Amino acid sequence: ESKKYIKEATYGLVYGMSRDNIINHLDTYFGEGKGNIFVNDEIIKDILSARKAAYSYYITVGSIDDAYGRSHKVSRDNVLSIVSRVCQSYEQKLILSIFETLNEADGDFNITLYQFDGLSIKFDCNKEYWMSRINEVFNQKAKEMRIYTSLSWSFLDKNDKVVEQKEQVVEVITTNE
């Protein structure tokens, strides 16, 4: 349950939630002072600082390109929504790689629900093969896009308890361009 609230705060970091709103959000769920501990972590402070610098940069430049190469005009008034849209385009492009795997599946699995940052999949057969193949395709797309991420799989065990396993993207391609 706590993972949900940490994930919301982390998304807030990326999508422009104010520092004070992040603190209030975490204090509400974890108790007074926990939000301050989070935002004063050195990594989180670095992310907030980098986010501020990025926003200033895109406002100065006046535009930002999304994952599909489309340019979006940026101003002080729309920077949060445009940067959010751009971040979502990268998530979409990663998820699209899983949808494209359906072309190979011949009915072995179906995507039953698209959840913006995830999918619900029903495997009819060859589950282990398709999980491996989806990981392979997803990881390849992440490497091509130079995104370090992981694909999480959640299942219900025989007691209907959610069990999660992560598949790390093990190799990240970096170049000096």
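Note that the structure is predicted; figures quoted are calculated from it, not measured. When a residue number appears, it is its place in the shown sequence, counting from 1.
Counting non-hydrogen atoms of neighbouring residues, nucleotides and ligands closer than 6.0 angstrom, the CD atom of Gln115 exceeds 12 such neighbours. When the shell of 6.0 Å around CG of Leu113 is examined, it contains more than 12 heavy atoms from other residues, nucleotides or ligands. Within 6.0 Å of CG in Asp106 there are 12 or fewer heavy atoms belonging to other residues, nucleotides or ligands. Crowding of Lys93 atom NZ: a count of heavy atoms from other residues, nucleotides or ligands under 6.0 Å exceeding 12.
Aromatic ring orientation, Trp153 versus Phe123: tilted (interplanar angle from 30° to 60°).
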Inset, instruction - Under the side-chain contact (heavy atoms from CB on, under 4.5 Å) rule, what do Thr28 and Tyr5 come out as? Steps first, then yes or no, please. - result: CA-CA 10 Å; Thr28 298; Tyr5 303 113; over 6 Å; no
Legend entry - CA sep, side-chain torsions, deciding dist, call: Ile22, Ile44, side-chain contact (heavy atoms from CB on, under 4.5 Å): CA-CA 11 Å; Ile22 292 170; Ile44 302 304; over 6 Å; no
Legend entry - Derivation and outcome, side-chain contact (heavy atoms from CB on, under 4.5 Å), residues Asn36 and Leu26: CA-CA 9 Å; Asn36 259 322; Leu26 292 173; over 6 Å; no
Inset, instruction - Walk me through it: do Lys34 and Tyr29 pass the test side-chain contact (heavy atoms from CB on, under 4.5 Å)? - result: CA-CA 9 Å; Lys34 299 299 184 188; Tyr29 295 105; over 6 Å; no
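Within the 4.5 Å cutoff, no side-chain heavy atoms of Lys141 are placed close to those of Val137. Ile121 has its side chain within reach of Ile111: a pair of non-hydrogen atoms, C-beta onward, lies under 4.5 Å apart. Side chains of Asn40 and Arg19 form a contact here, defined as non-hydrogen atoms less than 4.5 Å apart. Using a 4.5 Å heavy-atom threshold, the side chains of Asn126 and Phe109 count as separate. Considering only heavy atoms from C-beta on, Leu48 comes within 4.5 Å of Leu13 through its side chain. In this structure, Phe99 and Tyr114 have side chains that are in contact, with non-hydrogen atoms separated by less than 4.5 Å. Met145 places a side-chain heavy atom less than 4.5 Å from the side chain of Leu94.
Separating the CG atom in Leu102 from the CD1 atom in Ile134 is a distance of 7.5 Å, to the nearest 0.5 Å. Here Ser71 contributes atom OG and Ile64 contributes atom CD1; the two are 9.0 Å apart, rounded to the nearest 0.5 Å. For the atom pair CZ of Phe38 and CD1 of Ile6, the computed distance is 5.5 Å after rounding to the nearest 0.5 Å. Note that CD of Glu32 and CD1 of Ile23 are 10.0 Å apart. Values are rounded to the nearest 0.5 Å. In this structure, CD in Glu136 is found 10.5 Å from CH2 in Trp130, a value given to the nearest 0.5 Å. Separation of atoms OG (Ser81) and CD (Gln88) is listed at 10.0 Å; rounding is to 0.5 Å.
Between the side chain of Ser49 and the main chain of Asp46, no donor-acceptor pair closer than 3.5 Å is present. Within the 3.5 Å criterion, the main-chain N or O of Glu128 finds no donor-acceptor partner in the side chain of Ser132. Looking at Thr112, its side chain does come within 3.5 Å of a backbone N or O of Ser120 through a donor-acceptor pair. With hydrogens and angles disregarded, no donor-acceptor distance shorter than 3.5 Å links the side chain of Asn110 to the backbone of Lys122. With hydrogens and angles disregarded, a donor-acceptor distance shorter than 3.5 Å links the side chain of Ser56 to the backbone of Lys52.
Closest approach of Lys45 and Val39 over heavy atoms only: CG-O, 3.1 Å. In terms of heavy atoms, Gly107 sits closest to Asp124 at O-OD2, 3.4 Å. Between Ser89 and Asp66, the shortest heavy-atom contact is OG-CB, 3.3 Å.
With sequence neighbours excluded, the residues satisfying side chain to side chain donor-acceptor pair (under 3.5 Å) with Glu104 are Arg133.
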